[in-house]
Amino acid sequence: MELKNKKWSDEQFYKVREEVLNQWPTGKEIDFQEAADYLKKVPEHKNFSLKLKKAKEEGITLAQPRAGVALVDAHIELLTYLQDEGGADLLPSTIDSYTRQNRYNECEVGIKESEKAGRSLLNGFPGVNHGVKGCRKVFEAVNLPLQARHGTPDARLLTEIIHASGWTSNEGGGISYNIPYAKSVSLEKTILDWQYCDRVAGIYEEMGIKINREPFGPLTGTLVPPCISNSVAIIEGLLAAEQGVKNITLGYGQCGNLIQDVAAIRALVEQAEEYFKAYGYNDIELTTVFHQWMGGFPADESKAFGVISWGSATAALAGATKVIVKTPHEAVGIPTKEANAMGIKATKQTLNLLRGQRLPMSKELEAEIALIKAETKCILDKVFEVGNGDLAVGTVKAFEQGILDIPFAPSKFNAGVILPARDNNGAVRILNAGNIPFTKDILDFHRSLLEERGRYEGRDVAFQMVVDDIFAVGKGVLVGRPENK
Amino acid sequence: MKNKLVLGVIGADCHAVGNKILYHAFTEAGFQVENIGVLSSQEDFINAAIETNADAIIVSSLYGHGEIDCRGLREKCDEAGLKGILLYAGGNLVVGKQEWSDVEKRFLDMGFNRAYPPGTSPQTTINDLKKDLGW
């Protein structure tokens with residue numbers, strides 16, 4: 001199939017659908033009409049889109065954890081605990097890594113071993129293996145909207161199953177679930193596969209069923225400059241809108257400098273709205289998600305709560321519609337349900353204290369917003385240019401040419417030349433822009449900020465700064481300084 | 001002659017950041033590193049070790065499935081003619097916060113020479129490598 005940013009025809013969609021539903025036996029359980037009837041009966045308070053829309057109108061920030069285990073009953077126990085004890089506003093089902101690679105046979109092993117061991121040997125919920133039956137059981141057992149959160153380059157079957165099960169939101173996108181999550185899957189393939197996922201949501205939307213879609217904002221979660229993640233978010237938002245998606249949540253991962261983080265969210269909303277309008281998508285309900293710090297965490301649990309609360313405060317001050325919550329076990333991997341609930345409680349306490357407050361506009365904030373928007377525009381203009389106006393084609397070409405380049409990504413289709421580092425105030429700047437098409441003014445500005453840090457630290461601007469920055473938060477500071485500073 | 005290492009992230013795991021840093025650190029420390037990157041199978045590790053005539057295989061796992069993914073690697077190395085090759089594993093090797101001594105024992109019982117908890121500095125592994133390789 002030729003890649004184009006164009007709404008799939010029914011003929012195209014249903015032809016591919018036949019193949020998708022045959023990828024694993026549980027695919028055959030899905031009947032579109034029956035699924036639509038089921039979704040129409042989802043009560044308002046369990047619909048993701050409606051809950052986000054209400055939060056946006058009320059100006060509050062919702063808290064959502066990550067969570068998933070191998071077995072249905074244990075997963076229900078986990079989610080119920082996060083709902084009742086943790087006070088989560090929205091629920092996830094984090095999908096395990098074998099499912100993300102479509103290795104359903106290995107999921108079967110993981111499910112059986114987990115039954116035997118009495119603990120989860122999988123790092124998430126294998127939604128495809130449990131099928132509509134298992135996923136509906138989970139949905140019916142909880143009292144909040146449910147979303148699949150994963151990292152699946154080809155999530156077509158998973159998407160079909162979760163939506164048919166009453167889960168009204170799906171995270172991911174053709175770029176954001178490829179470049180940070182795969183090694184050798186082509187972008188043509190993942191953009192097509194995510195057009196399919198978006199189209200599923202679009203078809204339900206046309207039947208009057210509200211489905212939320214959320215491109216994965218933080219990408220590699222490691223020193224990603226705001227203009228890079230905002231560019232990807234806007235592209236994936238536009239690609240989703242073309243397939244008929246109406247309720248879109250664009251995301252951003254906390255970098256750590258308050259002004260930069262608030263500016264990133266404000267720039268994202270303003271610019272995404274401009275692009276949606278400019279390309280004729282006039283009825284998009286846009287919300288935002290702020291991810292608490294995605295990099296290395298301190299192992300000490302009290303220190304981890306400090307990081308969690310800092311992210312929560314920033315999310316509130318930025319006015320994000322929801323925040324994705326970390327836990328005090330982040331440094332050692334997947335948390336217990338108790339630790340997960342503690343993360344939500346710390347988050348909600350901070351959100352409640354800051355309810356209604358926004359970071360007021362200042363000269364610094366205004367300048368940072370303007371900078372991020374200018375950088376993002378440089379990138380997006382070039383993406384459209386190399387695609388001869390077609391955003392999907394342009395995205396593939398932009399990655400080939402390093403116009404889009406995501407730091408520390410595993411994909412061989414990513415140039416991987418870009419190197420970010422923090423400036424003296426902890427904002428993420430660009431040490432090596434590679435082929436990202438910034439103006440000379442922007443490049444010089446980044447360079448001067450890093451030079452300033454270098455002078456303060458008495459060392460050259462070099463790769464060691466990047467390494468130090470990656471480890472810094474785990475060690476308790478934002479900027480990775482040499483030991484004597 | 002430089003000692004040769006095979007470095008990679010095993011299984012369906014795509015955590016790339018630590019892998020890039022380890023590559024950088026091991027190379028700086030004077031090893032010749034064949035980095036097979038993320039999403040690597042046991043076979044990928046073994047094939048790379050045979051091709052490069054490696055002295056050690058360093059397995060990273062960050063996502064919790066390490067326990068399943070690493071099983072049988074020692075036996076497969078033996079079958080492939082890599083008897084006695086050094087096998088290290090490190091990262092977030094299991095699902096959840098578990099007692100490290102239990103996790104370490106599980107990996108040593110599987111035939112790994114050393115296992116490392118989360119947050120281990122690359123320097124620790126470099127010192128152990130030098131010791132085990134008789135520098």
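Every chain is numbered from 1, with letters handed out A, B, ... down the list of sequences.
Crowding of B:Phe112 atom CZ: a count of heavy atoms from other residues, nucleotides or ligands under 6.0 Å exceeding 12. Counting heavy atoms of neighbouring residues, nucleotides and ligands inside a 6.0 Å radius, atom CG of B:Asp102 exceeds 12 of them. Annotation: A:Lys303, atom NZ; neighbour count of heavy atoms from other residues, nucleotides and ligands within 6.0 Å does not exceed 12.
Across all their heavy atoms, A:Asp96 and B:His65 have their closest contact at OD2-CE1, 4.1 Å. The two residues A:Gly110 and B:Ile68 come nearest to each other via the heavy atoms CA-CD1, 4.3 Å. The two atoms that bring A:Pro180 and B:Cys14 nearest to each other are O-SG, 3.9 Å, heavy atoms only. The two residues B:Val95 and A:Ser120 come nearest to each other via the heavy atoms CB-O, 3.5 Å. When all heavy atoms of A:Ala331 and B:Asn92 are compared, the pair lying nearest together is O-OD1, 3.5 Å.
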Verdict with reasoning, B:Lys97 to A:Glu301, per side chain to side chain contact (heavy atoms under 4.5 Å, CB included):
CA-CA 12 Å; B:Lys97 193 168 184 174; A:Glu301 296 189 13; 2.4 Å; yes
Steps toward side chain to side chain contact (heavy atoms under 4.5 Å, CB included) verdict (B:Glu67, A:Leu121)
CA-CA 8 Å; B:Glu67 198 176 341; A:Leu121 275 93; 4.3 Å; yes
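By the side chain to side chain donor-acceptor pair (under 3.5 Å) test, B:Asn3 is found to be paired with B:Asp55, B:Trp135, residues two or more places apart in sequence or in another chain being considered.
Contacts of B:Ile21 with chain A are made by side-chain atoms alone, with heavy-atom separations under 4.5 Å and no backbone atom involved. In this structure, the portion of A:Arg103 lying under 4.5 Å from any heavy atom of chain B is its side chain and not its backbone. With a 4.5 Å cut-off on non-hydrogen atoms, A:Thr222 touches chain B through its side chain but not through its backbone. With a 4.5 Å cut-off on non-hydrogen atoms, A:Ala409 touches chain B through its backbone but not through its side chain. Heavy-atom distances place both the backbone and the side chain of A:Leu122 under 4.5 Å from chain B. Contacts of B:His24 with chain A are made by side-chain atoms alone, with heavy-atom separations under 4.5 Å and no backbone atom involved.
No donor-acceptor pair closer than 3.5 Å links the side chain of A:His329 to the backbone N or O of B:Gly96.
Distance check, rounded to the nearest 0.5 Å: CG of B:Asp69 to CD of A:Glu106 gives 7.0 Å. Summarising the geometry, atom CD belonging to B:Gln98 is positioned 11.5 Å from atom OG1 belonging to A:Thr336; distances are rounded to the nearest 0.5 Å.
Heavy-atom neighbours of chain B within the stretch residues 471-482 of chain A, taken at a separation under 4.5 angstrom, comprise A:Phe471.
Between B:Tyr63 and A:Tyr98, the two ring planes are perpendicular [angle over 60°; tilted spans 30° to 60°].
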